[in-house]
There are 2 protein chains.
Amino acid sequence: MHRKTPLKIIGSNAERTRLHNRKVVLGHLRSHGKLGRAELARLTGLSTQAMSNIIAELESEALILAGERQTKGRGLPAVQYTLNPAGAVALGVEVRPNAILCALVNFLGDTLYTKRIHIESSEPAVVLPTVKAACDEALSSIGKNAPPVLGAGIVMPGPFGRVGLTGAGKAELVGWDDKDPQVLFEDVLQVPVRVENDATAAAIAEQTTGSATDLQSFCFVYFGTGLGLGVISNGEILRGAFGNAGELGHVVVERGGRLCSCGNRGCLETYTSRMAASEFLQKRGKSAESQKDLSDLLAVNDPDLDEWICEAADPLAQAIGTLENLFDPEAVILGGAMPPELLERLIAQLNLIDATVSVRADRTLPRVVRGASGWMTAALGAAALIIHDTYIPSISKVA
Amino acid sequence: MHRKTPLKIIGSNAERTRLHNRKVVLGHLRSHGKLGRAELARLTGLSTQAMSNIIAELESEALILAGERQTKGRGLPAVQYTLNPAGAVALGVEVRPNAILCALVNFLGDTLYTKRIHIESSEPAVVLPTVKAACDEALSSIGKNAPPVLGAGIVMPGPFGRVGLTGAGKAELVGWDDKDPQVLFEDVLQVPVRVENDATAAAIAEQTTGSATDLQSFCFVYFGTGLGLGVISNGEILRGAFGNAGELGHVVVERGGRLCSCGNRGCLETYTSRMAASEFLQKRGKSAESQKDLSDLLAVNDPDLDEWICEAADPLAQAIGTLENLFDPEAVILGGAMPPELLERLIAQLNLIDATVSVRADRTLPRVVRGASGWMTAALGAAALIIHDTYIPSISKVA
DNA sequence: GATTTAATTCAATTGAGTTGAGTATTCAAG
DNA sequence: CTTGAATACTCAACTCAATTGAATTAAATC
């Protein structure tokens, strides 16, 4: 993740062109659902003959399925192709200080399997074999003749590298400082591995299977231990120079405000996060450590929780305004390890700033929507990342 | 600019591969200065034979120049190739409500010509012919056998489209609402045209010729009429869904703070911007409408200006913290239509937040640096955009 | 039923990169 | 000073994945 090495800009050749075009086709099939060869050719700017060849190859690998011919006006009806859900699978793993969450998804990003495993230590020597075993179990759960495994996405708590922002503390893992997790996991799992932070993974999940399916640009506000942000801008993941972009929790919303564990004052996280909620409720003598606790309080319309929501909404609304002005997204999505109903209430309570570039006359989407939530969000997102990679070429986009 | 149409993801073929590879080669030559064929082949992952062909083509078009053979240990010394400064030129135009600024740069982005033209009206009917005439004059200024014109970059005040944020008011142009400037300018100028906002253009200029030459990710804070932000992340321009990303001026830094023309309270722009400075000084009975005025006050160490700088530094520092946490850039650059010395003083005065992901043990660059400044910044940046486009493929990057 | 429209395939061609052999030039070792 | 290793580069043949143009199939329209 630490991108010390300047990114390599490489040339293309026939082989890379072929891989690129495969991804382009899969990407279009994903976003359109079903398409015929001729239409795909038009969309991609390739010849129908080239498309025929690409389709034939993808079909022979069972990544896509031929459907019915579909009549659309005159001419020979086009054979409709769709992605084959069972064409491939991807693993997703979230590594936390005290648990490993493992997920398996199909080629569409749909969940096939999930599991939570408690760990006593978060050192590599413990984590790596545990993850390996979990992945093996996940794969064996879908039977003998399993489809190809595209890879494994790993979510680890950021920020990556030694930065001034280690106060967040709790979430840190021990013994990973000088290691490159990508290499370690690839070694153990023997499949391509990608490491990302939780918020980014969740954002990708949202784009693959959630409410951002047809969004090219959005911000995903992720409620984890702290508060993260995943940004997709014009289809590209925003990572920053060192993979630490999106540290929304420590954006200052109130100068000289509440003291944060990072040493600073007024961080958004101290107002709007799971931690903030449980601290608030603790002062009222209520425990809200787990997501379940929050759900329960919510179910009984707990007045203290309601009060917290009201208090948390304002700083969040301000931060959302900042996101809108800085990223100009199509929408801001709220999700993560929070009960969905709580997110809904929080959204309902938002008093959004009406002077941002996102206040447009031609808006169709709401400015803030609720996304996927729950404990597995990040792990499923990690798997979605792998799926995403097979759809999204690192390529030529044109207006 | 308004990207209503979902971006098209297209396939590749031999022709596009060739164009891509040309750009890749030019890009490497730009960032390394001089390189031999073999080394270029290694950098790009192409065969030396392919590289020879590409180099031959670029040389025949006079975009690159063969230099001396350079000895590096054993073996045949490699012929070193460099970009030919005189190989091509690009136009840059900034359209303001009352003036048009026109610039011409060479293939390296160096300034060849600049001119400021006053206009009475900012309607298309006035602007377009004026721009055309200005460009013609710029081109004729460099003599008869001019190198090929790569295109024209146009900077127009944002935000684009009808958004809630029109309070900024002043800077708006009239009569452009329902028009597509890109098409209009292309029609008149008969060269490829790109339209961007001032901050983004300035950021690109910084990367092409300024202090960000070897940065892949940075934020450029642009002092224009208001306060803009250009973001380059891993070599890509961040535009947002509708081309309005980077509206830094209206990020709220103080809840319930000063009333802004946008109707909101506490916008950064009301504290830290040219407008804010001149309002502050006006209250002290001093005029600081122009950049010259500010320079003069600065020269005499005006205590009121110093006071403003102190007052402006805090909100800016907070905003920079936000940028660091959200974008994780290698550095934040301050530039634009402000006297360079004033920017220096402002930077010196910054009390940066020390809990952001940008506080790294291994930092080499300062967190905030001064970039290009002056009135022509945006126009030169617009031209740099065109140069940039010939170097940066919309392509395959790999770690 | 004849004609137009559109999807698709077949066969030949093309464009750009790759491969492998061979040449030139420099450094280093004997 | 000769010889051999290392490196840059070229030549010629080849390969891959695209394009082009003609032919085929099936539906909609006249």
Side-chain angles (χ1 to χ4, degrees), chain A residues 9-26 28-29 32 34-61 64 66-82 393 395-396, chain B residues 9-26 28-29 32 34-61 64 66-82 393 395-396:
Chain A
I9 297 178
I10 63 170
S12 183
N13 55 22
E15 168 74 2
R16 300 200 256 254
T17 294
R18 186 181 130 264
L19 291 174
H20 169 88
N21 289 348
R22 281 170 59 108
K23 291 191 178 193
V24 170
V25 170
L26 291 173
H28 279 289
L29 284 177
H32 288 82
K34 48 159 85 171
L35 289 168
R37 292 178 180 83
E39 189 157 12
L40 274 166
R42 278 187 299 262
L43 286 170
T44 57
L46 297 176
S47 64
T48 56
Q49 184 55 58
M51 194 49 60
S52 264
N53 297 336
I54 295 166
I55 290 288
E57 193 183 279
L58 292 173
E59 197 180 0
S60 80
E61 293 175 33
I64 61 173
E68 299 288 286
R69 294 197 104 100
Q70 194 166 46
T71 295
K72 267 184 195 160
R74 285 189 183 183
L76 205 174
V79 177
Q80 299 299 113
Y81 286 89
T82 54
I395 53 119
S396 336
Chain B
I9 297 178
I10 64 170
S12 183
N13 56 21
E15 169 73 3
R16 286 170 215 165
T17 294
R18 185 180 128 265
L19 291 174
H20 168 87
N21 288 349
R22 282 171 58 109
K23 291 191 179 195
V24 170
V25 171
L26 291 173
H28 279 289
L29 284 178
H32 288 82
K34 46 160 85 173
L35 288 168
R37 291 179 180 83
E39 189 157 11
L40 273 166
R42 279 188 298 262
L43 286 169
T44 56
L46 298 176
S47 64
T48 57
Q49 184 55 58
M51 194 48 61
S52 265
N53 297 336
I54 295 166
I55 290 287
E57 194 184 278
L58 291 173
E59 197 180 0
S60 81
E61 293 174 34
I64 60 173
E68 299 289 286
R69 295 197 105 100
Q70 194 166 42
T71 295
K72 268 184 195 159
R74 281 189 186 182
L76 205 173
V79 176
Q80 299 299 112
Y81 285 90
T82 54
I395 54 121
S396 335

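Residue numbers start from 1 in every chain, and the chains themselves are labelled A, B, ... in the order their sequence lines are given, proteins ahead of strands.
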Engineer: Rounding to an integer number of Å, can you tell me how far A:I55 CD1 sits from C:dT8 C1'?
Structural biologist: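 Roughly 12 Å, once rounded to whole Å.
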Engineer: Is A:E39 touching bases, backbone alone, or none of the nucleic acid, heavy atoms closer than 4.0 Å?
Structural biologist: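 Contact class for A:E39: none.
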Engineer: Is there a side-chain contact between A:N13 and the phosphate of C:dA16, meaning an N or O under 4.0 Å from OP1 or OP2?
Structural biologist: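 So the side chain of A:N13 is outside the cut-off, no N or O lying under 4.0 Å from OP1 or OP2 of C:dA16.
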Engineer: Got A:R69 and A:L76 here, is their nearest side-chain heavy-atom distance under 4.5 Å?
Structural biologist: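 Yes, their side chains come closer than 4.5 Å.
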Engineer: Roughly how many Å is it from CZ in B:R22 to P in C:dG15, rounded to a whole number?
Structural biologist: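 Atom-to-atom, B:R22 to C:dG15, this comes out as 16 Å.
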Engineer: Distance from B:L35 atom CG to B:Q80 atom CD, nearest 0.5 Å?
Structural biologist: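 Nearest 0.5 Å value for the CG-CD distance: 7.0 Å.
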Engineer: Could you write nucleotides 21-30 of chain C as a row of B, S and -, 5' to 3', where a protein heavy atom under 4.0 Å of any base atom gives B, of only sugar-phosphate atoms gives S, and otherwise -?
Structural biologist: ---BBBBS--
Engineer: Whole-Å distance between C:dG17 P and B:R16 CZ?
Structural biologist: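 It is 15 Å, rounded to the nearest whole Å.
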Engineer: Going by side-chain hydrogen bond (donor to acceptor under 3.5 Å, both in side chains), name the residues that satisfy it together with A:Q49, two or more places apart in sequence or in a different chain.
Structural biologist: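 Testing A:Q49 for side-chain hydrogen bond (donor to acceptor under 3.5 Å, both in side chains), a comparison that skips the adjacent residues, returns A:N53.
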Engineer: Looking only at heavy atoms, what is the nearest atom pair of A:V79 and A:G67, with distance?
Structural biologist: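 Nearest heavy atoms, A:V79 then A:G67: CG1-O, 3.7 Å.
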Engineer: At 4.0 Å (heavy atoms only), tell me whether B:N53 reaches a base, stays on the sugar-phosphate, or touches nothing.
Structural biologist: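 Nothing, no heavy atom under 4.0 Å.
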Engineer: For DNA chain C, what residues of residues 42-50 of chain A have any heavy atom nearer than 4.0 Å?
Structural biologist: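 By residue number: A:R42, A:T48, A:Q49.
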Engineer: Within this structure, what is the CD-to-C1' distance between B:E15 and C:dG17, rounded to whole angstrom?
Structural biologist: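 The answer, rounded to whole Å, is 14 Å.
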Engineer: I want to confirm an ordering. Mapping A:G36 and A:A14 to their closest nucleotides on DNA chain C, which one lands closer to the 5' end?
Structural biologist: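 Its nucleotide being nearer the 5' end, the pick is A:G36.
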Engineer: How many Å lie between CD on A:E68 and C1' on C:dT8, as a whole number?
Structural biologist: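 Rounded to the whole Å, the gap is 17 Å.
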Engineer: So A:T17 and B:R16, do their side chains get closer than 4.5 Å, heavy atoms only?
Structural biologist: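 In short, these two side chains do not touch, never coming nearer than 4.5 Å.
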Engineer: Return the set of residues passing side-chain hydrogen bond (donor to acceptor under 3.5 Å, both in side chains) with A:S52 (not counting sequence neighbours), or none when no residue passes.
Structural biologist: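 A:S52: side-chain hydrogen bond (donor to acceptor under 3.5 Å, both in side chains) contacts with A:R37.
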Engineer: Return the minimal non-hydrogen interatomic distance between B:G36 and B:A78, and the atom names on each side.
Structural biologist: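 Answer, listing the atom of B:G36 first, then B:A78: CA-CB, 4.1 Å.
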Engineer: Enumerate, atom names and distances included, each donor-acceptor pair closer than 3.5 Å involving a side-chain atom of residues 39-47 of chain A, sequence neighbours excluded.
Structural biologist:
residue, atom, partner, partner atom, Å
A:T44, OG1, A:L40, O, 2.8
A:T44, OG1, A:A41, O, 3.2
A:T44, OG1, A:L46, N, 3.4
A:S47, OG, A:A50, N, 3.2

Engineer: Look up atom CG in A:L58 and atom CG in A:L26, then write down how far apart they are to the nearest 0.5 Å.
Structural biologist: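 That separation rounds to 5.0 Å.
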Engineer: Within this structure, what is the CD1-NZ distance for the pair B:I54 and B:K23, rounded to the nearest 0.5 Å?
Structural biologist: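 B:I54 CD1 to B:K23 NZ: 14.0 Å, rounded to 0.5 Å.
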Engineer: So where does chain B start and stop touching DNA chain D, 5' to 3', when the test is distance under 4.0 Å to a non-hydrogen atom?
Structural biologist: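 The protein-touched segment is D:dA5 to D:dT19.
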Engineer: Minimum heavy-atom separation for A:I55 to A:Y81, with atom names?
Structural biologist: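 Distance-wise, the nearest heavy atoms are CG2-CZ, 3.5 Å.
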Engineer: Whole angstroms only, please: what is the CG-P distance between A:L19 and C:dG17?
Structural biologist: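 After rounding, the reported distance stands at 16 Å.
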